[in-house]
Amino acid sequence: MTVRLFNTMSRKIEDFQPLAAGKVGFYSCGPTVYHYAHIGNLRYFIQNDILKRMLIENDYDVTHVMNITDVGHLTSDADSGEDKMEKGAARDNKSVWEIARFYTDEFLKDFDDLNLVRPTFMPKATDYIQEQIDLVKKLEELGYTYTIEEDGIYYDTSKFPGYGKLTGGSLSGNRAGARVEFNSSKRNPTDFALWKFSPKDEKRQMEWDSPWGIGFPGWHTECCAMSMKLLGNHFDIHAGGEDLSRVHHNNEIAQSEPIVGAPWVKYWLHTSFLVDKSGEKMSKSNGEFLNMDALRKRGYDPMVYKYMVLLSHFQAQLAFSWEGLDAASNGYKNIIKKVAALIDADDNTNVDKTIYDDWHKKILSSVSDNLKTAEALVYVQELLKDQSVNSATKLALFEFIDRLLGLQFLARAKKLKAAEEEVAPQEIQKLANKRIEAKKEKNWALADELRNQIDQAGWSVIDTKDGAKLVKKS
RNA sequence: GGCCUGGUGGCAGAGUGGUUAUGCAGAGGACUGCAAAUCCUUGUAUGCCGGUUCGAUUCCGACCCAGGCCUCCA
């Protein structure tokens with residue numbers, strides 16, 4: 001099946017043609033582990049996961065690299081900002097190494113709760129310092145660098161003719177230091193640090209020796225160094241959040257193409273932001289933000305958030321609201337209920353191969369066409385409604401849908417059934433029996449009172465054709 | 001200021017040159033002593049102004065509005 005993806009480089013949807021037949025090298029910029037990931041960050045990782053699952057369902061052998069940025073970087077090249085890692089460490093009263101480990105673990109917990117397939121490699125930036133130094137050395141040999149005294153080694157973007165090509169247009173109209181004080185020692189406003197020197201009077205928690213003295217790498221080098229090491233000089237797909245395209249990814253290209261030749265990467269994918277209802281992006285830097293734990297504490301299944309994300313398209317901003325999350329929650333639960341009913345209805349009929357193939361194709365085509373997950377979910381609704389498809393075929397299709405979208409419809413449906421089959425304790429059963437008696441005597445007041453008591457004890461009583469049924473409340 | 005996105009019902013959001021998906025919420029009904037669940041039915045939308053066209057929500061242009069990047073952030 002043809003895979004089509006919107007390539008930021010061309011600003012067009014292109015047919016996907018891998019560099020090597022049947023194989024995909026995929027690099028996604030990972031988290032900086034100085035704080036919890038907020039749910040906006042997680043939207044991007046969900047989208048990456050769908051991309052990967054879709055490629056796998058299309059029989060590609062995917063090698064996925066996602067870095068863990070555990071090196072602190074200054075908040076600006078002007079050397080005036082704070083180091084996020086060191087700041088985070090001070091906030092939590094821990095060493096930078098401790099907070100890196102702590103927030104990496106927290107991140108992976110969310111990752112697993114969202115049922116995201118783990119990357120093939122998750123390199124830590126601090127494990128690839130030598131590779132980053134080697135990369136800077138090569139750029140130095142090729143004449144792309146210059147030194148600013150007591151500051152660092154910088155990349156001269158005027159030496160790279162294609163600078164800025166990823167995001168198109170000219171960068172010349174950019175206001176140098178539009179939002180930050182401009183480092184006047186730089187030759188060009190777009191120049192960036194490759195290696196920063198540690199301050200002479202200060203011992204940093206994270207610093208390394210290098211041919212240029214004690215210091216630490218600039219943050220754009222890690223992705224280049226690690227991707228070259230783990231995916232080779234050229235690879236197929238590079239993904240990131242929409243904020244990364246203009247600076248980080250243009251800088252990555254500027255660092256890599258002089259060394260490996262152009263084009264370095266074939267397809268660039270960028271995920272748009274989750275925004276709040278006033279339209280502003282969620283940001284870790286702003287202090288207040290929602291993480292997965294905040295959602296869990298309010299009783300939301302992480303899968304509900306994933307479902308909400310998949311209802312939208314990754315290139316469009318998605319507005320977060322509790323109302324929207326509730327809608328997603330109801331919608332998700334309704335599907336689970338219907339799938340649970342399918343399991344009950346499964347009468348051991350055979351899977352109808354023709355019908356299966358038809359739906360399989362429709363759903364996989366949607367996701368393969370630039371990740372139209374919302375369209376795929378419409379087909380899921382239509383499949384559930386379609387009475388001409390037997391239960392066995394539907395269930396087989398749900399196995400495929402769960403592989404493709406990772407929404408765990410079947411697992412949740414089975415869990416729901418298990419909860420429904422749980423037998424009520426004796427005292428609850430007694431109350432239920434009393435209520436039946438009351439009903440027979442048409443003593444509605446007593447019956448309602450008894451239902452109240454059962455309700456308070458955490459059970460629901462539901463009258464059915466076959467009598468009263470007790471179901472534990474979730 | 002430069003570059004880039006986007007504006008669709010109450011909410012979230014697809015798609016389409018010719019009756020605007022889907023979900024959630026709402027309304028009505030069936031069922032029920034009442035509920036819950038379920039099922040059936042159902043109303044409501046393409047920012048504004050021009051152009052192209054037999055016909056524009058879709059294509060083109062201007063405008064208005066919102067957002068992103070130009071410091072680190074997905």
Side-chain angles (χ1 to χ4, degrees), chain A residues 8 11 28-32 34-35 37-48 69 72-78 80-84 87 164 167-183 189-190 192 219 239-248 250 270-275 277-286 289 307-308 311-313 315-321 323-332 334-335 337-338 341 366 372-375 377-382 439 442-445 447-448 451 455 460-465 469 471:
Chain A
T8 307
R11 303 211 170 264
S28 54
C29 286
T32 303
Y34 70 103
H35 211 323
H38 60 67
I39 57 172
N41 298 129
L42 295 170
R43 180 190 191 193
Y44 160 72
F45 294 106
I46 291 169
Q47 183 255 315
N48 277 303
T69 298
H73 297 290
L74 297 183
T75 52
S76 84
D77 285 343
S80 56
E82 297 155 296
D83 180 312
K84 279 187 298 182
K87 195 178 160 192
T167 42
S170 162
L171 297 178
S172 59
N174 278 4
R175 245 188 236 165
R179 290 194 297 159
V180 72
E181 202 180 323
F182 179 54
N183 179 350
T190 46
F192 55 92
W219 91 288
E242 63 173 318
D243 55 326
L244 297 183
S245 60
R246 189 124 192 126
V247 175
H248 181 50
N250 272 321
H270 291 97
T271 308
S272 291
F273 285 129
L274 181 76
V275 297
K277 58 177 184 291
S278 64
E280 279 181 45
K281 69 167 176 168
M282 295 216 169
S283 162
K284 281 196 249 192
S285 329
N286 288 351
F289 63 82
Y307 180 72
M308 182 176 96
L311 243 21
S312 70
H313 187 78
Q315 280 174 261
Q317 294 188 343
L318 169 63
F320 178 83
S321 67
E323 190 187 4
L325 192 63
D326 282 336
S329 179
N330 288 337
Y332 182 70
N334 285 344
I335 294 176
K337 276 185 221 158
K338 286 174 187 162
S366 297
K372 289 181 181 168
T373 49
E375 189 175 88
L377 287 169
V378 169
Y379 288 135
V380 169
Q381 298 285 356
E382 286 178 1
K439 268 170 66 95
K442 296 200 192 290
N443 187 347
W444 310 128
D448 287 347
R451 173 166 37 211
D455 207 61
S460 306
V461 62
I462 296 158
D463 293 330
T464 69
K465 281 198 300 264
K469 199 173 135 194
V471 177

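Convention: sequence-line order gives letters A, B, ...; per-chain numbering from 1. Quick caveat, the model's predicted, so the values are computed rather than measured.
Checked against salt bridge (charged side-chain N to carboxylate O under 4.0 Å, His left out), A:K338 has no partners two or more places apart in sequence or in another chain. Every residue two or more places apart in sequence or in another chain was checked for a salt bridge (charged side-chain N to carboxylate O under 4.0 Å, His left out) with A:R43, and none qualifies. Every residue meeting the side-chain contact (heavy atoms from CB on, under 4.5 Å) condition with A:A447, not counting sequence neighbours, appears here in chain and number order: A:R435, A:A438, A:K439. For A:S272, there are no side-chain hydrogen bond (donor to acceptor under 3.5 Å, both in side chains) partners two or more places apart in sequence or in a different chain. A search for side-chain contact (heavy atoms from CB on, under 4.5 Å) contacts involving A:V247 returns A:H220, A:N251, not counting sequence neighbours. A:E382 meets the side-chain contact (heavy atoms from CB on, under 4.5 Å) test with A:W359, A:V378, A:Y379; sequence neighbours excluded. With sequence neighbours left out, A:D326 forms a salt bridge (charged side-chain N to carboxylate O under 4.0 Å, His left out) with no residue at all. A:D455 is linked by a side-chain hydrogen bond (donor to acceptor under 3.5 Å, both in side chains) to A:K473, counting only residues two or more places apart in sequence or in another chain. In this view, A:S245 satisfies the side-chain hydrogen bond (donor to acceptor under 3.5 Å, both in side chains) rule with no residue, not counting sequence neighbours.
Regarding A:L244, its CG atom lies at a distance of 22 Å from the P atom of B:C3, rounded to whole Å. Straight-line distance from the CZ atom of A:R11 to the C1' atom of B:G68: 11 Å, rounded to whole Å. In this structure, the CG atom of A:N41 is 4 Å from the P atom of B:A74, given to the nearest Å. Between the CZ atom of A:F273 and the P atom of B:C4 there is a distance of 18 Å, given to the nearest Å. Remark: P of B:C4 and NE2 of A:H248 are 22 Å apart, rounded to the nearest angstrom. Look at CZ on A:R451: it is 15 Å from P on B:U32, rounded to the nearest Å. Look at CG on A:N250: it is 12 Å from P on B:C72, rounded to the nearest Å. The distance between atom CG of A:D455 and atom C1' of B:C34, rounded to the nearest whole Å, is 14 Å.
In terms of heavy atoms, A:S312 sits closest to A:A374 at N-CB, 4.4 Å. The shortest non-hydrogen separation linking A:Y307 to A:Y332 is CE2-N, 3.7 Å. For the residue pair A:H270 and A:G241, the shortest heavy atom distance occurs at CD2-O, 3.4 Å.
Taking atom P in both B:G1 and B:G43, the straight-line distance is 46 Å, to the nearest Å. Nucleotides B:U5 and B:G61 place their P atoms 12 Å apart, quoted to the nearest Å. Using C1' as the reference atom, B:G13 and B:U22 are 9 Å apart when rounded to the nearest Å. As rounded to the nearest Å, B:U44 and B:G9 have C1' atoms that lie 6 Å from one another. Annotation: B:G47 and B:A66 have their C1' atoms spaced 11 Å apart (nearest Å). Comparing the C1' positions of B:A45 and B:A37 gives an interatomic distance of 31 Å, to the nearest angstrom. Across the C1' atoms, B:A14 and B:U58 are found 13 Å apart, a figure rounded to whole Å. Atom C1' of B:A12 sits at a distance of 13 Å from the matching atom of B:A21, rounded to the whole Å.
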Which atom pairs link the protein and nucleotides 10-16 of chain B when you take only N or O atoms and keep those under 3.5 Å?
from, atom 1, to, atom 2, distance (Å)
B:G13, OP1, A:A319, N, 2.9
B:G13, O2', A:L311, O, 3.4
B:A14, OP1, A:H313, N, 2.8

Detail all sub-3.5 Å separations between protein N/O atoms and N/O atoms belonging to nucleotides 41-44 of chain B.
none

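Between A:A445 and A:D326, the one whose closest nucleotide on RNA chain B sits nearer the 5' end is A:D326. Comparing A:C29 and A:G331 along RNA chain B, the residue whose closest nucleotide (by nearest heavy atom) sits nearer the 5' end is A:G331.
Within the 4.0 angstrom heavy-atom criterion, base atoms lie near A:S272. Among the heavy atoms of the strands lying under 4.0 Å from A:D463 is at least one base atom, whether or not backbone atoms are also near. Using a 4.0 Å heavy-atom criterion, one finds that A:V380 contacts no nucleic acid atom at all.
Of the candidate nucleotides B:U22, B:G68, B:G33, B:U22 has the atom lying nearest to any side-chain atom of A:Q381.
Checking the phosphate oxygens (OP1, OP2) of B:G23, no side-chain nitrogen or oxygen of A:N330 falls inside 4.0 Å. The shortest distance between the side-chain N/O atoms of A:N334 and the OP1/OP2 oxygens of B:C24 is below 4.0 Å. Residue A:K337 places at least one side-chain N or O closer than 4.0 Å to OP1 or OP2 of B:U38.
Put simply, the side chain of A:N41 gets close to the backbone of A:H38: a donor and an acceptor are under 3.5 Å apart.
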Structure string for RNA chain B in dot-bracket form, Watson-Crick and G-U at under 3.5 Å, | interchain = (((((((..(((.....[...))).(((((.......)))))....(.(((..]....))).))))))))....
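At a cut-off of 3.5 angstrom, the base of B:G33 holds at least one donor-acceptor pair with the side chain of A:D448.
Stacking here means ring centres nearer than 5.5 Å and ring planes tilted less than 30 degrees, and by that measure A:Y44 does not stack onto B:A74.
Looking at A:I335 and A:Q381, their side chains come closer than 4.5 Å, going by heavy atoms from C-beta outward.
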